[in-house]
Enquirer: 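This structure is in structure tokens; I'll ask about it shortly.
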Protein chains: 4
Amino acid sequence: MNGNAFEIPQTMKAWVLGGVDELLQVEKPVPAPGPAQVLVKIDAVSICGTDIEIMRNGLPAIVQGGSPFNKNFTIGHEYMGRVAKLGEGVDTYKIGDRVAVEIHAGCGQCERCREGMYTSCLNYGQNYEGHDKGHRANGFTTDGGFAEFAINHVNTLVHVPDFISDEEATLIVTAGTAMYGLDVMSGLYAGKGIAITGPGPIGLMGVAVAKALGAYPVFLTGTRDDRLEMGKQLGADYVVNVRNEDAVKAVRNIMPKGIHYVMECSGAKDAFNEAAQMVQRGGRICLAAFPEEPYPVDVAALVRNNIYIFGIRGEGNSATHRAASLMEQKRISVKPLHTHTFPLDELPTAIKYAKERIDNAIKVVVTNKK
Amino acid sequence: MNGNAFEIPQTMKAWVLGGVDELLQVEKPVPAPGPAQVLVKIDAVSICGTDIEIMRNGLPAIVQGGSPFNKNFTIGHEYMGRVAKLGEGVDTYKIGDRVAVEIHAGCGQCERCREGMYTSCLNYGQNYEGHDKGHRANGFTTDGGFAEFAINHVNTLVHVPDFISDEEATLIVTAGTAMYGLDVMSGLYAGKGIAITGPGPIGLMGVAVAKALGAYPVFLTGTRDDRLEMGKQLGADYVVNVRNEDAVKAVRNIMPKGIHYVMECSGAKDAFNEAAQMVQRGGRICLAAFPEEPYPVDVAALVRNNIYIFGIRGEGNSATHRAASLMEQKRISVKPLHTHTFPLDELPTAIKYAKERIDNAIKVVVTNKK
Amino acid sequence: MNGNAFEIPQTMKAWVLGGVDELLQVEKPVPAPGPAQVLVKIDAVSICGTDIEIMRNGLPAIVQGGSPFNKNFTIGHEYMGRVAKLGEGVDTYKIGDRVAVEIHAGCGQCERCREGMYTSCLNYGQNYEGHDKGHRANGFTTDGGFAEFAINHVNTLVHVPDFISDEEATLIVTAGTAMYGLDVMSGLYAGKGIAITGPGPIGLMGVAVAKALGAYPVFLTGTRDDRLEMGKQLGADYVVNVRNEDAVKAVRNIMPKGIHYVMECSGAKDAFNEAAQMVQRGGRICLAAFPEEPYPVDVAALVRNNIYIFGIRGEGNSATHRAASLMEQKRISVKPLHTHTFPLDELPTAIKYAKERIDNAIKVVVTNKK
Amino acid sequence: MNGNAFEIPQTMKAWVLGGVDELLQVEKPVPAPGPAQVLVKIDAVSICGTDIEIMRNGLPAIVQGGSPFNKNFTIGHEYMGRVAKLGEGVDTYKIGDRVAVEIHAGCGQCERCREGMYTSCLNYGQNYEGHDKGHRANGFTTDGGFAEFAINHVNTLVHVPDFISDEEATLIVTAGTAMYGLDVMSGLYAGKGIAITGPGPIGLMGVAVAKALGAYPVFLTGTRDDRLEMGKQLGADYVVNVRNEDAVKAVRNIMPKGIHYVMECSGAKDAFNEAAQMVQRGGRICLAAFPEEPYPVDVAALVRNNIYIFGIRGEGNSATHRAASLMEQKRISVKPLHTHTFPLDELPTAIKYAKERIDNAIKVVVTNKK
């Protein structure tokens, strides 16, 4: 294949939402890119916990009103591939470019989009083409990546250097989410302490990125020793298995006045309170995980200690580009997170591995390279 | 009295903490100001809900370890008066200057103090004189204002212009707290919407200050019509009595995508969740009130909607000076908040009025002008 | 006319650039709005100093490469009117809406646009339609407002309330530029001092906006007493005629340690140095005017005194909406700035008035209401 | 020596300012630390260009009024040593602690100090002991380090780990200044480009710190190949010898739209203009060097391109601690900068080496370890 000769069929294989916990493989038309969009030939997709959540409960992202949860919708948002076709006027990418993707293309017009918070686009879900509110969130409100092709706005593309494998490239957006969480809390990490709670993919990437930015000390808390061990490899100075040890005490033991930052990536019940007890007065917390249900929070402690809290959903403000640069500079490695690969046709098996953490699965990737 | 002739006795009348819900009047030595401190002759003190809280439950501000809650401790932190004596080297104030006070003099050395967050001083409560951690929080960790005299660090003084009465001047720090809450959320209010939840003194001052900064629309929510009416006088565009109306719906009715900011001043159970439902995606919440106990919070909603939350305790970053300037410019008025005056000797009666809101009391002031 | 029946002709009268200092009236096709754009029926246009500058020297805004300076280009960027036709998918405006306009519609994709700095769009001037870099700067890189109709991206529209006249509405973007300059320096003005140097339209609006935000004291410096007098009406606490008085001394006389902020709106030679001498150590300067040529600057003084400087060009980050809100709240008035009105057909006369300040002209407006 | 037994003599050897370009060695009383101060036994001092400048022209730092430039004043500000005696109440350091120092102890009370900008303390130079304005700037307004002992406020101390040599430790404040320059421009460097102009000690440290924070690409410009070569070792991706190549073109060649950041460390004539031409629209410049005299600056270009400029003087906001942490984490090395060592008694020779760059001297250190 060369830059001028990407063969694009009329239809493609795609997985779509079926019943609860079910995906169905169908044949769908290959979509056409509009202005400022490209068609991406998908080579690899990583499975995210949110994919599994959507299969179970529907799309969580729709704030109000209508949902695309229907039998023809394709999920999957952590993908990479090659540019296969250019929409009208696109000249910043060319056919054949290897790209990873961000999930969200905001409308570009609302207050949030105009401050880089496009994951919080105020026109979220209002993505009908040609409209003046052209929001996209691939895999959430517009078709995603468990398919042979997908449409992406040029804003959501990140170049992938040759030395990064397809599987690793699917994790660029994960690293970008961790970077974004760090960005919104503060730009200043060198010489400051941070605790990452929860060694899932975002938490582990949080360790790697915080360390790359000079944070010290970096704590990682979790319940499984193998994940914590991986955290150490990625740069954690201290790991705490909360089954054996009180995480707040472990942090306060090293930093008696509390730590500067906490990035909460576990979604565990009570994690917000523990974060508030870990940070020093005037400390900052990033909430990056979704607890299953509301739980009692000691709001007075947040007030009394002047704590600032930053909820983040996804990867705004071009943080993904900055994370990709750290990868390109070989300052962070996502390789340890990738544990399993399956062909796209075996997506249900791949999801089973991810969901049940079979064989200590962390990031399970499906590939469709041709 | 002139600038050279302030008569300072050896001892003074002061109220001190007795048993639960009890204050005792005693005779105490008049304290001596150290370097960078002045002695303030107290003319008026306003009663704050926190005073009542401390009488009931002890001092909430002590993060860890020892407390000054003892039979010789004088509470009271919203006071004003005149400079009566200068500590070593003080040259920015002179005898006789009319001053209102901030509560907190941070240590001036920790990370928080060096970024203006002195209410979150990392050496909070470590206030022994002469030490390299000279934190003071008058009425919380060091003697406060229900007395004839008090010591204040020069950092905590605010000049009071002649046309502002003693009673009004005690409310400068209340206005400063509202200003600080607004400052930490954002500097940009003109043309942006804000909802203030809870029409206590800080909430009412929040209405006045937000309006003075050009916020539009300004909502105020509460349970009592007389307070809401006062909110209207102070500038609220919309008031919502939550006994009759759903506050979230009322806000969303005017601003379907949600409001830019919420300042939570009620401490009511569930108020944090309601604030999160009021703000738009990427909106900001300031938590400025202490709920009595933890309550279930929908943390996932904070994450999903990229909400930023700012706990504030008190009046940091010289916001009090900025609030005082708005008063001096006659852009905000605190006068409506002041409802009752008693002599200092009748402090228990004054507290009863404040606590039980007798005669629709909002701000009850005790005076000791001589 | 009603919302459904705006008659749109095939061609329109428009003024275009001729030779140096010359505009020619021609008949041009009425343009058609693309996706996310509207056609505006222009009712009034204010003449800006930059218009006069462009007629003399060509378009200054083009950073690199090609320029639209040609015999068919229509300048004029401070206009208002009514929405006459909707581009594909536009649903946030309807036919007949009264609107004022911002000049710049950034590409929405570059780093600058994604942080609200769309006046500094990195794809400035790359405005060919349908392209993935759809930057517009009406009157600079795309046709402007000295015509019967113009195209505007929906991002650049601001609703105009009924009680604001057409003439005043043309000044919304001027107020927005002043607001933007204040925004980028700091969000905190209440109780802080600012000097505005240069009583042109942006400087005068700077006085009004800074005052509305609670700044104190507000200085205005200039060379003409009538302008300074107008500054007083708009809220200046002190005015300094630099023909009679040294401006730095006048500021330092009131504020011996220097003032917090300077907004430089004169473009006068040496104004940057004077600003640096006016501000306190760690003070901030906004540069909002274009000096004719380079002049010696004491760079070492900027370093020694930790001065932060913010160049601004135009009206980014939706500041225009915030300025319009202050107008709608009647907290600032632009009325005093509007001094003369001419019909669009007499544009050359109007420009002569503006250029030569005939009859103390400040803002000269041309109208074409039908 | 142990923690309890530091022998402190009555007098000490100290170099003091003589005539122009002259230092004299005298015997002075060893000073006594006040509250929150310690006495430092000086082990090593690095010579800074500013020392040489002061010997020639007097103290540049005094903004207004009186100067300590007299025959008894000791300069020298980049020193390290061991804590020899504790002032009243100091408990965060103990006798024998190895420490490097920041230069500035702000008053802790002014607006600047309360936002971490203590190098711009509004009470600069008002350093009389016991006063409510206790500013110190050792080597500038209070006695410095070319002596056996010096007084330091606890705020100015940084712990030095054992594996860092005395000579390297003197450069901690240099690294801290580079870090501070980067901090004030932005916290976000990962994946962003920066050009450092001028390969002096601050510039070279700027390269190392920017690289450690993930900046890419990092340019270094200068006139001497050996310095540029050292810049490469410290992490520069591109070096430009401006004798052979146009620096602006070199940067624009790699980054056609301009670079994100420039840190100007050369003080060269025209460097500000070149920086403005290097950065992209909306880019940022830190001015960290003192040009000898004013030179013509294209102010209009700063305005047209929305450039933000940050003058910095010294090392504010605890950046020195953060830089020290990067050294402790072995993420930056200052070792290459240290080229020569002389005993304190040979200070004039050491200064000659530094001034005339004899033997390619970069950082020349004098030591007095006993």
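Labels below follow one simple rule: chain letters A, B, ... track the order of the sequence lines, proteins then strands, and each chain is numbered from 1. Values below: every heavy atom of this structure, side chains too, minus hydrogens, waters and symmetry copies.
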Enquirer: Would you check, one step at a time, whether the test side-chain contact (heavy atoms from CB on, under 4.5 Å) holds for B/Phe272 with A/Leu302?
Expert: CA-CA 11 Å; B/Phe272 190 4; A/Leu302 306 175; 4.3 Å; yes
Enquirer: Is chain A contacted by the side chain of B/Cys110, its backbone, both, or neither, given a heavy-atom distance below 4.5 Å?
Expert: neither
Enquirer: Measure A/Ile307 against the heavy atoms of chain B and call it side chain, backbone, both or neither at under 4.5 Å.
Expert: backbone
Enquirer: Would you please indicate yes or no on a ring centroid separation below 6.0 angstrom for A/His104 and A/Tyr118?
Expert: no
Enquirer: For chain B, which residues from residues 177-189 of chain A lie under 4.5 Å away (heavy-atom distances)?
Expert: A/Tyr180, A/Val184
Enquirer: Ignoring hydrogens and angles, state whether a donor on the side chain of A/Gln277 or A/Arg252 is under 3.5 Å from an acceptor on the partner side chain.
Expert: no
Enquirer: Distance only, no hydrogens: is a donor on one side chain within 3.5 Å (strictly under) of an acceptor on the other, for B/Arg313 and A/Asn306?
Expert: no
Enquirer: Between A/Met117 and A/Asn317, does a side-chain contact (heavy atoms from CB on, under 4.5 Å) hold up when you go through it step by step?
Expert: CA-CA 6 Å; A/Met117 292 179 73; A/Asn317 212 11; over 6 Å; no
Enquirer: Between CD of B/Glu274 and OG1 of B/Thr197, what distance do you get to the nearest 0.5 Å?
Expert: 8.0 Å
Enquirer: On the 0 to 90° scale, with breaks at 30° and 60°, tag the B/Tyr308-A/Phe310 ring pair as parallel, tilted or perpendicular.
Expert: perpendicular
Enquirer: Donor-acceptor check, side chain of A/Asn253 to backbone of A/Lys249, threshold 3.5 angstrom: yes or no?
Expert: no
Enquirer: Heavy-atom pairs under 4.5 Å with chain B - which of A/His260, A/Glu115, A/Glu264 has more of them than the others?
Expert: A/His260
Enquirer: To the closest 0.5 Å, what do you measure between CD1 (B/Ile259) and NZ (B/Lys192)?
Expert: 12.0 Å
Enquirer: Could you walk me through whether A/Ile312 and B/Val303 satisfy the side-chain contact (heavy atoms from CB on, under 4.5 Å) test, starting with their C-alpha distance in whole Å, then the side-chain angles of each, then the deciding distance to 0.1 Å, before giving a yes or no?
Expert: CA-CA 5 Å; A/Ile312 65 143; B/Val303 177; 5.7 Å; no
Enquirer: May I ask you to list the residues in residues 282-300 of chain A that approach chain B closer than 4.5 angstrom, counting heavy atoms only, ordered by number?
Expert: A/Gly282, A/Gly283, A/Leu287, A/Ala288, A/Ala289, A/Phe290, A/Pro291, A/Pro294, A/Tyr295, A/Pro296, A/Val297, A/Asp298, A/Val299, A/Ala300
Enquirer: Would B/Phe140 and B/Thr50 satisfy side-chain contact (heavy atoms from CB on, under 4.5 Å), going step by step from the backbone distance to the final call?
Expert: CA-CA 10 Å; B/Phe140 292 91; B/Thr50 310; 3.5 Å; yes
